[in-house]
Structures are given as structure tokens and as C-alpha cells.
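Input: a single structure, listed below in C-alpha cells.
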Amino acid sequence: MIERLAKYRWQYVMILPGAILLLLFSYIPMVGIQVAFKDFHIGSTMWSSEWVGLENFSFLQDEQFWIVVKNTIYIAILKFVFGFPAPIILALLINEVKNNKYKRFVQSVSYLPHFFSWIVVAYILQSLLTLDGGLVNQLIEKLGGDSIFFLGSTEWFRPMIVVSGLWKEVGWNTILYLAAITTIDPQLYEAARVEGAGRLAQIRNITLPGIMPTISIVLILSMPGLIAVGMDQIYPLMNPANQPVADVLDTYILRNGLQQGYFGMATAVGLLSSVISLVLVLCTNQMARKFNGEGLW
């Protein structure tokens with residue numbers, strides 16, 4: 001054991017800061033899970049609060065909670081269906097570009113929006129889509145159509161969330177797949193060309209199988225965020241007009257916990273969300289190992 005520590009000492013030193021941060025911000029805060037089973041309120045402490053068992057899980061009988069669950073699942077499915085394959089497709093397209101200068105330009109432009117905060121993105125969307133003077137509505141009116149209240153429409157809110165999410169993150173997520181593509185042996189493509197395989201056949205039979213382990217790992221790691229659906233994206237765009245379809249689990253927790261003071265119930269909802277995310281990760285990892293032979297463990 002000592003010899004192993006001495007041999008890999010510098011690797012352990014590099015891992016140590018990340019392990020400390022993980023301990024401080026992920027494991028130690030788990031002590032607060034007990035609030036889900038206590039009558040906690042301002043003025044008391046987590047340790048002195050009275051145990052109430054499963055009383056805080058009474059939200060399961062709340063009709064609004066199940067509306068929130070439906071909204072969360074709906075947005076999660078849309079973001080997954082359109083958001084997960086998009087960076088893979090973009091990486092395959094960029095990989096086919098032969099002009100290196102143009103390829104670097106496309107990469108830079110595509111992942112630049114990742115560095116914008118969601119507050120900035122929300123402000124851009126409000127400027128473009130506002131009913132009074134928005135660029136999009138001005139264009140619609142010039143084409144002979146009627147203005148659309150995008151920001152307050154229950155029909156347009158979900159497409160707006162999906163499209164803005166793609167615009168902001170698709171380029172950044174592409175970087176990982178492009179890195180995986182560079183690890184594929186070029187001789188495989190040369191052999192395929194000798195056999196008469198076209199570009200589509202090479203992508204289908206060489207590129208996609210070559211990056212499949214990376215796709216599996218990214219799929220597993222994306223599962224915890226599936227339930228979260230991105231409160232930092234949704235909350236700045238949510239208003240009373242679109243709340244029937246915009247209210248998701250994280251905004252439900254924020255409203256009941258911080259705004260209304262139901263800390264026990266908010267913690268219970270968060271605990272339930274975490275358990276669901278854990279189940280999704282375990283199931284996805286098992287499916288990846290079964291079909292692809294690759295998983296996180």
C-alpha cells in the first residue's frame with residue numbers, strides 16, 4: 001500500500017483538490033437530508049427540530065405537484081430528444097470539413113454561447129421576442145402576420161427552452177465528441193476507401209462505433225440533469241402567463257422552500273428528485289454495459 005502511494009503520489013496530489021471539493025459540497029451537505037423528516041423552521045436548528053416522519057411527503061397528494069411533475073417530464077424528454085443527438089451530429093459534420101481554418105471558425109462560433117450566463121441569454125431572448133418592438137415580431141409583421149406573445153405563451157415556451165438550450169450548449173458538448181473522433185485510427189478510413197465505402201458508410205461503420213463508448217458515458221452522466229431540466233434557464237423566463245407549463249420541480253422547490261418557508265417539504269421533494277436521478281443513472285449504466293460493454297462501473 002505504501003509503495004503504491006509513493007508510486008502514484010503526484011496523481012493523488014492532483015486528485016486531492018477535487019476530492020476535497022466533492023467532500024465539502026456534495027457529501028457533507030447530505031447531512032441536511034434529515035430536514036425532509038423534521039419540522040424545521042426559521043429560529044430552530046436542524047438538530048433540535050422535531051421528527052415528523054413522512055409528514056413532509058404530503059406533497060404527493062397535492063394536485064399542483066403532479067402538474068409540476070408532468071411539466072418536468074415533458075421538458076426533460078424534449079431536451080433529451082433534441083439536445084442529446086445534436087452535438088453528435090454537429091461533431092460528425094465538423095469532422096467532415098476539410099478546410100482547417102473554416103473548421104476552427106465553426107467550432108469557435110458554436111461553443112462561444114456556452115460562456116454566456118442564462119441571465120444574459122434570457123435578456124437576449126426577451127429583446128428578440130418581446131411583443132413590443134422585438135426583432136422577431138417585427139419580421140413577422142413585415143411578412144404580413146400577427147405578433148406573437150412568445151414570452152407569455154404556453155404553446156411557445158417549451159420550444160423556446162429547447163431551442164435556446166441547443167444554441168447555448170450544442171457547441172460545447174461537441175468538443176468531447178470531436179476529441180473522441182481524433183482517437184480513431186486513420187488506417188480504418190483508408191481501408192474503407194479502398195473497399196469503396198463512401199462518406200456515409202464510413203461514418204456509419206467506423207466513426208459512430210469508434211465514439212460509441214464516449215456516447216455511452218455522456219449518456220450516463222447526463223441522466224442526473226434530466227430531472228433538473230435547468231432551473232437557471234427556466235426561472236428567468238418564467239412569468240404568471242407561462243407558469244402553467246413552465247413550473248418544474250426545481251422552481252416548485254424554490255417557491256415552497258425559500259419563498260414560502262416550507263423547508264421540510266422542499267427538502268423532501270429534492271430528496272425524491274435525487275433518488276429518481278440515482279435510479280436513472282443506475283439503469284442507464286446497466287443498459288450501456290449490456291448493449292455496448294461500456295459503463296462508468
Side-chain angles (χ1 to χ4, degrees), residues 12-76 79 117-122 161 220-240 242-285 296-297:
Y12 290 126
V13 169
M14 294 178 66
I15 293 172
L16 185 60
I20 293 174
L21 290 175
L22 192 65
L23 177 66
L24 291 177
F25 295 101
S26 296
Y27 286 96
I28 293 180
M30 290 179 67
V31 176
I33 290 176
Q34 61 183 296
V35 174
F37 307 96
K38 287 190 171 186
D39 182 20
F40 177 79
H41 55 274
I42 298 297
S44 64
T45 67
M46 183 171 57
W47 309 105
S48 63
S49 300
E50 179 184 356
W51 289 93
V52 293
L54 298 178
E55 183 177 322
N56 288 324
F57 288 84
S58 60
F59 64 83
L60 293 172
Q61 301 175 356
D62 181 12
E63 182 179 352
Q64 180 61 33
F65 170 76
W66 293 108
I67 294 176
V68 168
V69 170
K70 183 184 73 172
N71 292 339
T72 304
I73 294 174
Y74 203 146
I75 294 177
K79 294 183 73 172
S117 71
W118 278 114
I119 299 299
V120 173
V121 175
I161 290 297
I220 296 169
L221 294 177
S222 67
M223 285 297 106
L226 197 62
I227 296 298
V229 301
M231 187 193 71
D232 50 351
Q233 176 190 10
I234 293 175
Y235 191 71
L237 297 170
M238 191 171 69
N239 55 57
N242 60 35
Q243 185 171 343
V245 297
D247 200 11
V248 294
L249 280 174
D250 281 353
T251 58
Y252 183 80
I253 293 171
L254 176 65
R255 186 172 62 255
N256 286 278
L258 294 181
Q259 296 179 357
Q260 300 182 13
Y262 299 132
F263 300 104
M265 189 188 74
T267 306
V269 177
L271 176 59
L272 182 61
S273 300
S274 299
V275 171
I276 294 174
S277 297
L278 175 62
V279 172
L280 287 174
V281 170
L282 294 175
C283 293
T284 307
N285 184 76
L296 288 178
W297 64 87

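Contact between P236 and I119 at its shortest, heavy atoms only, is CG-CD1, 3.8 Å. Nearest heavy atoms, P29 versus L24: CD-O, 3.2 Å. Across all non-hydrogen atoms, the minimal contact from M223 to L280 is CG-O, 3.9 Å.
Judged purely by atom type and a 3.5 angstrom limit, T284 has no side-chain atom pairing as donor or acceptor with the backbone of V281. The main-chain N or O of D39 is never found under 3.5 Å from a side-chain atom of N56 such that the two would form a donor-acceptor pair. In terms of modelled atom types and a separation under 3.5 Å, the side chain of N242 and the main chain of L237 share a donor-acceptor contact. At distances below 3.5 Å, not a single donor-acceptor pair connects side-chain atoms of N285 with backbone N or O atoms of I220.
Side-chain contact between Q233 and V121 is absent, with no heavy-atom pair separated by less than 4.5 Å. Two residues are said to be in side-chain contact when any heavy atoms from C-beta on lie closer than 4.5 Å; Q34 and W51 meet this criterion. Within the 4.5 Å cutoff, no side-chain heavy atoms of V269 are placed close to those of Y262. Within the 4.5 Å cutoff, no side-chain heavy atoms of L16 are placed close to those of V13. In this structure the side chain of V31 reaches within 4.5 angstrom of the side chain of M46, judged on heavy atoms. For the pair F37 and V52, the minimum side-chain heavy-atom distance is 4.5 Å or more.
By the 6.0 Å contact criterion, OH on Y74 is open, its count of non-hydrogen atoms from other residues, nucleotides or ligands being 12 or less. At most 12 non-hydrogen atoms from other residues, nucleotides or ligands lie less than 6.0 angstrom from CD of Q61. By the neighbour-count criterion of 12 heavy atoms within 6.0 Å, atom CD of Q64 is densely surrounded, having more than that number from other residues, nucleotides or ligands. Shown here is F59, whose CZ atom has more than 12 heavy atoms of other residues, nucleotides or ligands within 6.0 Å.
Considering OG of S277 and CG of L282, their distance stands at 11.0 Å, rounded to 0.5 Å. Of the inter-residue distances, the one linking L60 atom CG with M265 atom CE reads 10.5 Å to the nearest 0.5 angstrom. Atom-to-atom distance recorded for M30:CE and L271:CG is 9.0 Å, nearest 0.5 angstrom. The CZ atom of F263 sits 4.0 Å away from the CD1 atom of I42 when rounded to the nearest 0.5 Å. Between the CD1 atom of I67 and the CD atom of Q243 there is a distance of 10.5 Å, given to the nearest 0.5 Å. Note that OG1 of T267 and CG of L272 are 12.5 Å apart. Values are rounded to the nearest 0.5 Å.
Counted by atom type alone, Y252 and D62 present one or more donor-acceptor pairs between their side chains at under 3.5 Å.
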Task: CA sep, side-chain torsions, deciding dist, call: I234, I75, side chain to side chain contact (heavy atoms under 4.5 Å, CB included) - done: CA-CA 10 Å; I234 293 175; I75 294 177; 4.1 Å; yes
Task: Test side chain to side chain contact (heavy atoms under 4.5 Å, CB included) applied to I253 and M231, step by step - done: CA-CA 10 Å; I253 293 171; M231 187 193 71; over 6 Å; no
